[in-house]
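See structure below.
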Amino acid sequence: MSMDLLIPLIAILPLAGFLFTAAVGRRLGKRAHLVPVAAVGLSWAIAMVVVFTAVTGGFGDEGHTVKLWDWIPAGAFHVEAAFFVDNLTAALLIVVTTIGLLVHVYSIGYMSHDPGYWRFFAYLNLFMFSMLVLVLGDSWLTVFVAWELVGLSSYLLIGFWYRKNSAALASKKAFIVNRVGDVGFALGIMAIFVNTGTLNIRESIHVLTSETLVAFPIPVEVIALLLFAGAMGKSAQFPLHVWLPDAMEGPTPVSALIHAATMVNAGVYLVARANPIFASAPEAMVVVAGIGIFTALLAASIAMTQTDIKRVLAYSTLSQLGYMFAALGVGAWTAAIFHLMTHGFFKGLLFLGSGSVIHAVHEEQDMRRMGGLARKIPHTYRTMLIGSIAIAGIPPLAGFFSKDEILGEAFKLGFAWVWAIGVVVAVMTAFYMFRLIGMTFWGESRVDKAVEPKIHESPRVMTIPLWLLAIPSVLLGLVLAWPGPPLGPLFGQHGPGLLAGWLEPVYAQGLEILGHHEAEFAIFGIDGVLILISVAVAVLGMVAAWRLFGVEIGGLRRRGDPERVRTLSARVPFLYRASLNKWWFDELNHLVFIVIGGRVAAFLWWFDTNIVDGIVNGIGAVTRRSGGGLALVQTGRVQNYALGIALGLIVMVVAYALMVGR
Amino acid sequence: MDLANSLDAYLVLAGALFAIGTFGFLARRNAISMLMSIELMLNAVNLAIVAFGSFIPNLKADGSIIALMVMAVAAAEATVGLAIIIAIYRNRKTPLVDEYDAMRR
Amino acid sequence: MRAWLYLFTAAIAGAIITTPALVVFVFAGGSVDDALFAALATLMLVSALLVVTMRDIIRCGLAMIVSFLALAGIYVVVGAPLVAAAQVIVYIGAISVLILFAIMLTQSKAGPARLVFQTQAAPAAVAAVVLTVLITLAVSATDWGEVGTRVRLATDTLAQVLFRDYVLPFEVVSVLLLAAVIGGIFIAKREDEPS
Amino acid sequence: MDGFPILTIVTFLPLVGALLIAFLPASATRPVALGTALLTWIVSLMLVIGFAAGRGGLFQFTIEVPWIPIFGIEYKLGVDGLSLLLVVLTTTLSWISILASFKPIQTRIKEYMISFLILEVGMIGVFLALDTFLFYIFWEIVLVPMYLIIGIWGGANRIYATIKFVLYTLVGSLLMLVAILATAFAFQAAHGGDWTGAFDYEVLRAYAAAGGGFDPSLQLLAFGAFFLAFAIKVPMFPFHTWLPDAHVEAPTAGSVILASVLLKLGAYGFIRYGLSFYPDAAQTYAPVIIVLSLIAIIYGAIVALVQPDLKKLVAYSSVSHMGFVTLGIFIFQPQGMEGAILQMINHGLITGALFLLVGVIYERTHDRTIAKMGGLSGRTPVYVAILGFFVFASAGLPGLSGFVGEFLTLVGTFAVSPPAAAVATFVMILAAGYLLWMFQRVAFGEVSEFLKGLGGHLTDIDAVEILTVAPLGALVVVFGLFPGILLDIVDGSVTRALADVSTGAPIALEPLAVAAALGALAAVVGIRVVTLPMFRSGSPAEPAA
Amino acid sequence: MTFQDLVTILPFAAAILLAIGVIVADIVAPGRREPVLVVALGGLALVALLTVVTGTTDATAFGGAYRVDALTTFLDILFIGIVALTVMFAPDYLESRGLPLAEFSAVLLFAMTGAMLIAASADLLVLFIGLELMVLPGYLLAGYHKSDGFSTEGAIKYFLLGSFSSAIFLFGLAFVWGLTGTTRVSEVADQLTVQMATGGLSAGLALGLAFLTAGVAFKIAAVPFHYWTPDAYQGSPTPVTGYLSVGPKIGAFALILRLFVEALEPVKADWLPVVVGLAVLTMTLGNLVALTQTNVKRMLAYSSIAHTGYMLVGLAAYATGRMEGLEGLLYYGAAYSVMNLGAFAVITALQRRAGVTSNLDTFAGLGRREPFLGILMTLFLLSLTGIPPTAGFFAKAYVILAAVQASQAGATVLGVLAVVAVLNAAVAAFYYLRVVVYMFMREPASEPPALIRGRLLWAGLVVTAILTVVLGLIPGPLLDIVGVAARAIG
């Protein structure tokens, strides 16, 4: 079958699933999941075909475009609705479709008791559609559409349990904060059009980067930053990170799919996609790197003290996204996408696992009421342990490769400060992950006595996806980063690694502008040292967590030491409280946006009713009053009238007298 | 000094009479007094007309005729006026005009 | 006693009227006409003033008749005897009588009202004075073209003019009077009478 | 179809219906009214079919009959892309509104339907008239039925609202009359006292385009008068205060027509007359109008945030949305104007639907206070779903029609003045703010006590009501995905309009700097206010009114 | 007096005979209305016919004192129409108050003859007598409901002030005579042209002009000479009010046309500023005070003052040399007569029983109770407001057009006048529409007043309504006519 048919199908199938379910799902009851899951499965299969074609060079370096129709034919402003696939897209397709499929399957079990079963699958399909359009979009505007659509579907999914006020608020917050970023994105798109006269991604980039001699009305740096603003919104980078933790109000599969594995990566994808623009705007890249690494640090610091299992993961997600942006900022685009993919899998795994845990302890999310679950829910435990090791960056699991590549590149490209902070964050990461594992699975149980006996492992339909996600969490790093044989040749690649090979054409122009050239990988040189360091710090964090919160791996056994935790946190009271209170961002928002903003809005309304409208009504009132006043002349007495007439007569005589002799 | 032969004298006299009439009309309260004041004013006009008639050659006879007409008109006015006065006197039982102020504003 | 009083008033009145005449005649050396004019003018104005100022409305009526008589005299002086005659007939004969009737009809038992003047008498006076001044100024400031001397008109010429040039007004005036009468009768008629 | 007086038919068909209603028994009123409206709609669709888009904005189906020969005033109708779209919009919403009135309007149905049909005549006439005098007459005709509709079938405070509406509009339109006459006379004087064509739109336009056009001082005055009339109708800040009152008091269908069509009269006037007759004046005024538009966009949105009443909220959102229209027009960029026109249509569809939906809930609760609602989705899921759809459409969700218009406008603006565009773009946040906050308070959370109290009365949206909004929803989707349909039609008109007002002349940027400053301020305020309901669903401090 | 003279004055003479004929008819068949109506209306038709027949050709009679031209014909037809409509509206109203129809019709017809004489006079004395012949019956009509305190009060106020103004007017007339030495309009004009050429405006003439203007301003109820209007209108029997609001007003404007536009044409430049001032004052005060009125008749009285202002705008525009001003004035007169008579006819219909006030409450719920009447009243009010497509709108537009033209032709003050006029129109909308509010948006009064359902009255209503719409939609024909009429003197 021709690609021109297949590629659209990837996106259209979920859409069809959505429309179908939205229309008749209500009546399907417990069978509501069949169509959506099938749709996603099918679209996964097709995606894999497309991906294979892509990475085996089936589309050449230029990629493959499928035009659907002329969307906005407004004279000079001409936008096509078209899809585009190149290796970058392919990489994203892998993550999106795979995790998407698994989450769908997982949800069959997780949501089975929910009255809104059909609604949930409808929304999920809508999300899949939007996300796929986002990665497939050929023009900035198409991407923007998807950009907002994923916002919508995430809004719907976060607010899925609309009776919960917190959920409703969180969903709104997510959408609006995203909108803030979108404004930047939109302005960026306008700027691009004004500069280049086209909105096709590659054409516009070509113009922007090649004709640097031409003086553009809008400087490229501005465009880059505007695009980055959009990315910040979707990928929840500081200061727009506030929505992501709240988004945990949604059902756990949603958190796994949208707020860990796919949507939040959109920002990373966008920047990577626009890499030449950033390459020709170095200042912008520094900003990206700075914000990225700072977010990583900030989030990690918060994650260390949170007690809600999902929130810990949420902040961890923030932190990891921070890494990715740091990588993008320093120019290690491959590394960024690499981490995006690995992170997608193991964070998805961790979230689904946490969902399974929450399920097991009857919708309890507070880790202080867990503990010792390892024996009771072994599958969940094992898979989550794998996920944690992966994210902590212990070789040879996936996380190690990607994170190490980011740090290494940062160092080698001369961003030592990024590297340094990154290392610190690595320690924290390992620490809070094993704190999580420790508090949840090890030590004696603190579970509510009533619930205690009822704890049970989740059904197959949930555990199988966990295992399926565990596999890439372990191997993906090796597969994508292993330099040379045996995998390379299989995909007709040579050089530093599979992914790097795939993405090479995508980044060629950007790298050229930056003047980077892939340094030869020297395991017995700088790279080796860096690897040792990052592994060391990972272990350090891990061990620290063990000493405080205990460990039960094979022979390695140790009880947690709450006393120590208390004393330690007491030693740095400020830091502790800051971390606990998430650096008071919510409070800040409340003050600025509600207290002050509320006053402003109220004032403006007052202004509108009393001043603007007041003037209008005032004029009317004055007119009427003056009428009443003039009416007083009409006394009803003839003599008064006569006097009036006489006076009028006199005035008139004078008036005419003035004109005498003219 | 030739009063009887100066047009101005007659005109000023007419003016004075007219003013007196005006005063009466503005100042008196009794409807009939006001009517009389109007008659005075009309006579003032008549005086002016007649004066013009006998001094302005073109007007020769016309002056007198016009004066006669004015008198007739004045008579008609008086008729109507008195009729109305009597009618309202029946309703209000007073000839004082400034008490007819049922309608105002 | 009262008789003396009347005589006294009459004397004063006579003085008022004759003084200007004498002044004009003797001192200013005017003609007889001038004296006559002065006297009549004074009489007319004074009686007119009485008309608008006296308390008892019946006396006002009488004063008006006097003033009209004086005016008739002035008409004679200015050389329009016919108008003078008409003045006597129409005004004194018709209108004044009409007015006197009306006065009789509308006299309330209470007799003449306490307050003769409107509250606005003062401004009215001012207005009247201003008006006089303005008229005087205007008159004196105007050049009335070639002003001939008074010409005494023969009645027959008048008749000719009337029935040649002024037929239409003449006829219409009659219509006017007819209309006034028809309407006047209806309005003045008492309600209870069958219409 | 030339020669066949289809325009006359489409204009006066409703009048025929009105007369029928007047003389037929009361039982026939509703069917006849709806039938007439539908028939008119169909005729207008035939118009679309017969319309040749390629003709570069020339007028088609023109009818020309001498009317007041002495002044060369003619009964002249014609349609170009712009008016075509607006006419179809009018006819569509007319039958929808009439259908939507069946349930709410139970008293004096005859008078109601008659007024409504006459209103339709006026609106269509305004869009089709090609003679300034005729235009003015239709313009005023619109006033009366609307006055009655608000005043007779309106809410508690209806008389205040309706009189305010009429007087406010009248002040503007009467001055416009003076301007029309002045223009006509200027033309007549320039043609040796010959009145021929002094009121003919195309002749005047040609004259204005040809060397020099009208005398500058006349242009300034006349355009000023037109501006006032149109600005009040649009309405532009600060002439907007009649709108919330009128909307709140008007019956549902009244609000729908008011928002969907009446507001467009002003914008239409700007494009059709303002730009074509007084290009220089238009250039001069443009910065001011742009600034006002920007203020309106931000200001309307902010004020909408704190509205306790559903209708008021939508009303203020209209102020904000129409700001885009005026902005797009006076930025003098092809994208800007095409965006503005799209925005006109979309606002017509979306806001119309929103008012219909507010009406649906009002029918059941007899209340529009947002605070009293809550948890509706528990009781009326379908209704909430539909409401949600239009809420997001109104928030400019891409893929739905609202987005395209706004974005085109913004692109056009950006090309001229990035700061202005930035200010305008901020409203994306504000819009999401007030709409989603409203939606959340109405639809989500536990079912409110007030709604519980209604018990069985609170039924889900019924078939007829769905029938009224469904077409709008469909169009919103279609125009969102295939705006080309509209763009092809209006393209010619836009080109012509822009050719009239010489786009070359750059807009003075000083006022735009001011705009940027104001806008930035407003925007900062805006962001804060937006997220103000972030952590609580309660309404903020009520204004000290 | 030749036979030709007789032919020329035939319509006028016929009108006089008709007035007398009505009385005769009443004497023949006392107290019955049919004969009176038949004679009156039939006669009016005849008079109209004669007017049209003889009026087609310009002619003068009585040595130039009486002149028939297109303007005369136009005005005569207008007057006849006004009177005919009044006669149609009055009978039931009078009957229910025990007032005879015969005298009413007769007096009314006499008034008409006066107006016709004004329209036809080419001589200042005739003009004056015509004026008196027009207004004296007016006083009588105002007090026609003699047993009613309000009616007589209005009448005496109208009469006293009216006579006062007549005296003033006559005084001014005297001075013009003195200065020009003639009474013929044309000769006066010539004389003045000469004088203006030589010495400019002389003091005496200034005085005369002042008195004349004041006198005329009173008759057309222009501020500050309008005081009589509200009281007289409110007091008079409603049909009479209807007549007073248009008949004498148009008559007085006819006087203005003959006196100011013709005789005083040479001093145009001198009376223009005064007219402008009067116009502004009149429009503004009339509208502002009308805002606060609660009695519809009184409100319409003030509104009629305002309308005088609009007509003066036309006059002013003419004075600056725009023919359209004159045409607009004439058109306005016709339109105003139609719509205002209609409005008062509706009020008449409401006042079947004596004692039914014309307060706004009387109208509450009328639209609901009597849709037909309500809609007609709305139509008339809209027309008075000046909303298309009605006569009132086109009239206003016409006058404003003239003003705008004048302003563009140099007389900027006229532009200001135009703006003032439209703003006033907007203000006026408030009080006109308030009646609509009462008719359609208020609950009906406790006990709705009984309606007059006389065939004549309703026929008249329909006629006025149709005319109101037609003059708005198809102004063409009337425009031609006023064009001709205006050119007769302009």
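Hydrogens, waters and symmetry mates play no part in the numbers below; they use all other heavy atoms, side chains included. Convention: sequence-line order gives letters A, B, ...; per-chain numbering from 1.
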Got a second to check how far [X]'s [atom1] is from [Y]'s [atom2], nearest 0.5 Å?
X      : Y      : atom1 : atom2 : result
C/I135 : E/F211 : CD1   : CZ    : 4.5 Å
C/E171 : E/I129 : CD    : CD1   : 11.0 Å
E/E132 : C/L176 : CD    : CG    : 7.0 Å
E/L117 : C/L168 : CG    : CG    : 6.0 Å

Answer yes or no: is there a side-chain heavy-atom contact under 4.5 Å between [X] and [Y]?
X      : Y      : result
E/D5   : C/V167 : no
C/I187 : E/Y139 : no
C/F186 : E/Y144 : yes

Can you name the residues of residues 203-210 of chain E that have some heavy atom under 4.5 Å away from a heavy atom in chain C? E/A203, E/G204, E/L207
Which residues from residues 13-23 of chain E are near chain C, with near meaning under 4.5 Å between non-hydrogen atoms?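 Within residues 13-23 of chain E, the residues that come under 4.5 Å of chain C (heavy atoms only) are E/I16, E/I20, E/I23.
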By a 4.5 Å heavy-atom criterion (distance strictly below it), what part of [X] contacts chain C: side chain, backbone, both, or neither?
X      : answer
E/T183 : side chain
E/L125 : side chain
E/F128 : neither

If you tally heavy-atom pairs under 4.5 Å against chain E, which of C/G183, C/S140, C/G184 wins? C/G183
What residue in C/T142, C/L137, C/L134 has the most heavy-atom pairs under 4.5 Å with chain E? C/T142
Applying salt bridge (charged side-chain N to carboxylate O under 4.0 Å, His left out), name anything that partners E/D76, two or more places apart in sequence or on another chain.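 In terms of salt bridge (charged side-chain N to carboxylate O under 4.0 Å, His left out), with neighbours along the sequence ignored, E/D76 is linked to no residue.
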Pairs under 3.5 angstrom only: tabulate donor-acceptor contacts from the side chains of residues 60-67 of chain E to other protein residues two or more places apart or in another chain.
from	atom 1	to	atom 2	distance (Å)
E/R67	NE	E/D69	OD2	3.4
E/R67	NH1	E/E262	OE2	3.4
E/R67	NH2	E/D69	OD2	3.0
E/R67	NH2	E/E262	OE2	2.7

What one should report as the nearest heavy-atom pair of C/K189 and E/K146 is O-NZ, 3.2 Å
